[in-house]
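Report on the following structure.
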Amino acid sequence: MQHNILATMRSLKIIDGCMGTQVYALNPSDTGTTTVGCGVGEKILQHIHDHIKAQTLRTKSVHNLQPSMDAVVTAEGSFLPYGLPMTELLEPKIEPSMRSFDFVETLADVYRRTENCPQFEKSGMFLEQCAVFRGLADPKLFRRSLRSARQHAVDVHMKVVLASWLRYERREDELIGLSSMDCCGRNLECPKATLVPGYDPESVYDSCMCSSNCGSSCFYYGNEASVLVVDEVEVEECSTSSEEEDGDMSFCIGENEIRCRRFNMASLSRPFKTMLYGGFMESWREKINFSQNGFSAEVMRAAEIFSRTKRLDQFEPNLVLELLSLANRFCCKEMKSACDSYLASLVCDLENAVLLVEYGLEDNAYLLVAACLQVFLRELPSSMHCSAVTKLFCSPEGRDRLALVGHSSFMLYYFLSQIAMEEEMRSNTTVMLLERLVECAADGWEKQLAFHLLGVVMLERKEYKDAQHWFEAAVEAGHVYSSVGIARAKYKRGHTYSAYKLMNSLISDYKPVGWMYQERSLYCVGKEKMMDLISATELDPTLSFPYKYRAVSLLEDKKIEPAIAEINKIIGFKVSPDCLELRAWFLIAMEDYEGALRDVRAILTLDPNYMLFYGNMHGDHLVELLCPVVKQGCLADCWMELYERWSSVDDIGSLAVVHQMLAKDPGKSLLRFRQSLLLLRLNSQKAAMRSLRLARNHSTSDHERLVYEGWILYDTGHREEALAKAEESISIQRSFEAYFLKAYALADSVLDSESSTYVIHILEEALRCPSDGLRKGQALNNLGSVYVDCDKLDLAADCYMNALNIKHTRAHQGLARVYHLKNHRKAAYDEMTKLIEKARNNASAYEKRSEYCDRDMAKNDLSMATQLDPLRTYPYRYRAAVLMDDHKEAEAIAELTRAIDFRPDLQLLHLRAAFHDSIGDYVSTVRDCEAALCLDPNHAETIELCKNARERIKEQN
């Protein structure tokens, strides 16, 4: 039931796409290392650049003075100021993550070691899982492992880093009005819970008692008054009582005499005890001169009070700071711990964290430094613009200072380097952080990753010799994929044949995978190059470079329509800015400016800062150039077009229309939300989350803002918190979106009949609220799905028919399911045929229609589904099952393996494990089960299969 509801309610296949490479020109600075006569080339390129600049300026001036069609036509050449793409300028991206030539074995090994390691080491193992999953397209796996790492964190440092990382994954720093010390409401990310030491994995999902703002905990050190209000009378009375109380000795500081009890002061530390009761002169003196130790009379008086009361809350923060220094100097562990905890509780913003961290580092105050570190991390990436923070994190001296306090770790610098690489991969800050990462790395996967990342950055910076060095270090540490980096660095340094030989030996020595052939294709020509690209696509159809190269090659042969058809193959199932850029380029060459404008708008939705044409023109500028030659409708026309494109499942076209509407009304949060839904359908979660954050920031009411915050929480794994946001929104004002969010979050669980009835009630409430046809059609579709699961087929059919009446095309699929359950198989097949005819993206429709026809027709439909979208796993599973029924076990396993090699999927791995089990290959069964459980540790059927296979292995042994 759960699967059926989720399949229709909202796409959960949230792949962090949009990470493809752009099409970059060979920079003039490259040519000096690879070709002769670079000076002439530089002059020519500079001349072309100056000419283009002049043309662009002239075009702008013409557009401003005379915005007529004639004026635009004269500027037509500016649409392609940098010419057409060229094959020799295309290169595949080297992934900045760990990759394996046998990913299934890697998953199985990580799972096995995680299960068998001691409890206190599990956090580190889950961090290794994070590194393994980082290279996958689905960010849910990475976040789940990150949550598990935080759940099993032992010390405060690990808790601070992992909780901050989890928060960063939601990019809450971009949410207007939220403090860095806000949390999601659970101990998992609570800034106060992270400062509590100890291992308690069961409590991390409990509700925290954290306040939503710092309030009186905030401390401003310096000339400003402390926010902490101290009762002066109480302090005065306490001090007076201390003076009036009989003491048996005094500390003299200047003219001040602080009366103390010798026993109480001696109990503070061994040094004080030795001084006051040992063989020193002070042990029999009533008055001890303490003036030469550099401490004030006030802090000595505070120490005396603490020796009796064991409390600090009566002191001002600046006095506690001095007391911390005294405690550190004289090894007063209890007093130091109290000062450390007290000061740590006051840190709440970047300004005082920068000031207080110096005291913490100087006096080795573990919790105070942890609290300051937490603020720095929760303020990322903006905190890195503070020179003091940058110096602390980036410099070797800063790392050494953090290490002395126990706050330098591979985990910390892995987090920091990931953020730095996202912000600006070529920056010096990124390099320095990666150098610190290398210093913290232990042998094994940590060194592999650190060396590889440094190699990737050096390659981006065109420092090819250093890049080769770090890639070689990564390979020596055991990371085979870094051989690609070695080959690329050699190629850039002019050693093409050496690069070719390296990749050739890699293909010979290991089981070939797609990226091996892709990389080797760079170093050969003609038919051999094309054969390697074909092999790369066959082994891994998700690699974009082969499609791009073939498309540009066809363009160079003046076959522009086949070129567009080639690039459309990958755009159909994996949308990325670089592939859309190529198609826009081709469409401009064909003078299809409307299609080009559509793609450029989609690019800017995926990446608002994307630079077109070898990285030389911002996408917004090309939109300005194309708009005058493409008919632009008013806002009402745009709504009509959006309705049509949404109904025809044209997600890219819908994105373009929404982008156009936002240009007219950039503060429209409803449009931003629609944009996020489309991006999720395109598996572009990173861009979808950005749109959701913008929707939240532009919301004009509290109830609307709460809905968008709920979706942000839901999409990052916080289901209960999302439900709470929906409830809060409804309590303020009933709205369609609040009820829809609530119904969706409730449906994300195994529903019994009572729960299903409640979800139906919530969806009916949603439909009673005002909304547009696009969303009401979706709600009707969801309601129909719940009715089907409750076996209320007639009610479900009514919902689907009503959805179709308002052009919710996907309702054909639900209606087909109803017909199928009523044993009207022909009607179900016809219904899916209607969806195929209407939908622009129809791979799923072919897949679903295969369930309603005979075996031969099903094979054809599934073959078409695989051709349109190789990432869909059901066709492989169906074909493998058919082969297994025909007793072709080896071919069945090979069919599944073909998909697993580029798409390690839970269901594929489970089915292959079952096939291995059926033929008695229990070792392979266990391996596949362990790999599947690494993807989902709670999959009951796989757990049972793995357990049985292990028992059979024991029996055989």
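This one's a predicted model, so the numbers in the text were calculated from it and none came from an experiment.
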Checklist entry - Is it true that the side chains of Glu704 and Tyr708 contain a donor and an acceptor less than 3.5 Å apart? => result yes
Checklist entry - How about Asp748 and Tyr714: does a side-chain donor come under 3.5 Å of a side-chain acceptor? => result yes
Checklist entry - Sequence neighbours excluded, which residues qualify as side chain to side chain contact (heavy atoms under 4.5 Å, CB included) partners of Ala827? => result Tyr819, His824
Checklist entry - Are Thr942 and His910 linked by a side-chain donor-acceptor pair shorter than 3.5 Å? => result yes
Next on the checklist: Within the 3.5 Å criterion, strictly below it, is a donor on Thr833 or Arg849 matched to an acceptor on the partner's side chain?
Outcome noted: yes
Checklist entry - Under the ring pair (Phe, Tyr, Trp, His ring centres under 6.0 Å) test, which residues partner Phe736, sequence neighbours left out? => result Phe740
Checklist entry - Between the side chains of Arg952 and Thr925, is a donor N or O closer than 3.5 angstrom to an acceptor N or O? => result no
Checklist outcome for this item: Contacts of Lys826 meeting side chain to side chain contact (heavy atoms under 4.5 Å, CB included) (sequence neighbours excluded), chain-then-number -> Asp830
Item to check | Sequence-distant partners of Glu594, salt bridge (Lys or Arg N to Asp or Glu O under 4.0 Å), two or more places apart | outcome: none
Next on the checklist: On a heavy-atom basis, which atom in Glu895 and which in Ala880 lie closest, and how many Å separate them?
Outcome noted: CG-N, 4.1 Å
Next on the checklist: Which residues pass the salt bridge (Lys or Arg N to Asp or Glu O under 4.0 Å) test with Arg840, not counting sequence neighbours?
Outcome noted: Asp650
Next on the checklist: Salt bridge or not between Glu930 and Arg927? Use side-chain N to carboxylate O under 4.0 Å.
Outcome noted: no
Checklist entry - Going by atom types only, do Thr897 and Arg912 share a side-chain donor-acceptor pair under 3.5 Å? => result yes
Item to check | Non-neighbouring partners of Ser918 that pass side chain to side chain contact (heavy atoms under 4.5 Å, CB included), sequence neighbours left out | outcome: Met884
Checklist entry - With a 3.5 Å cut-off and no angle check, do the side chains of Arg681 and Ser654 form a donor-acceptor pair? => result no
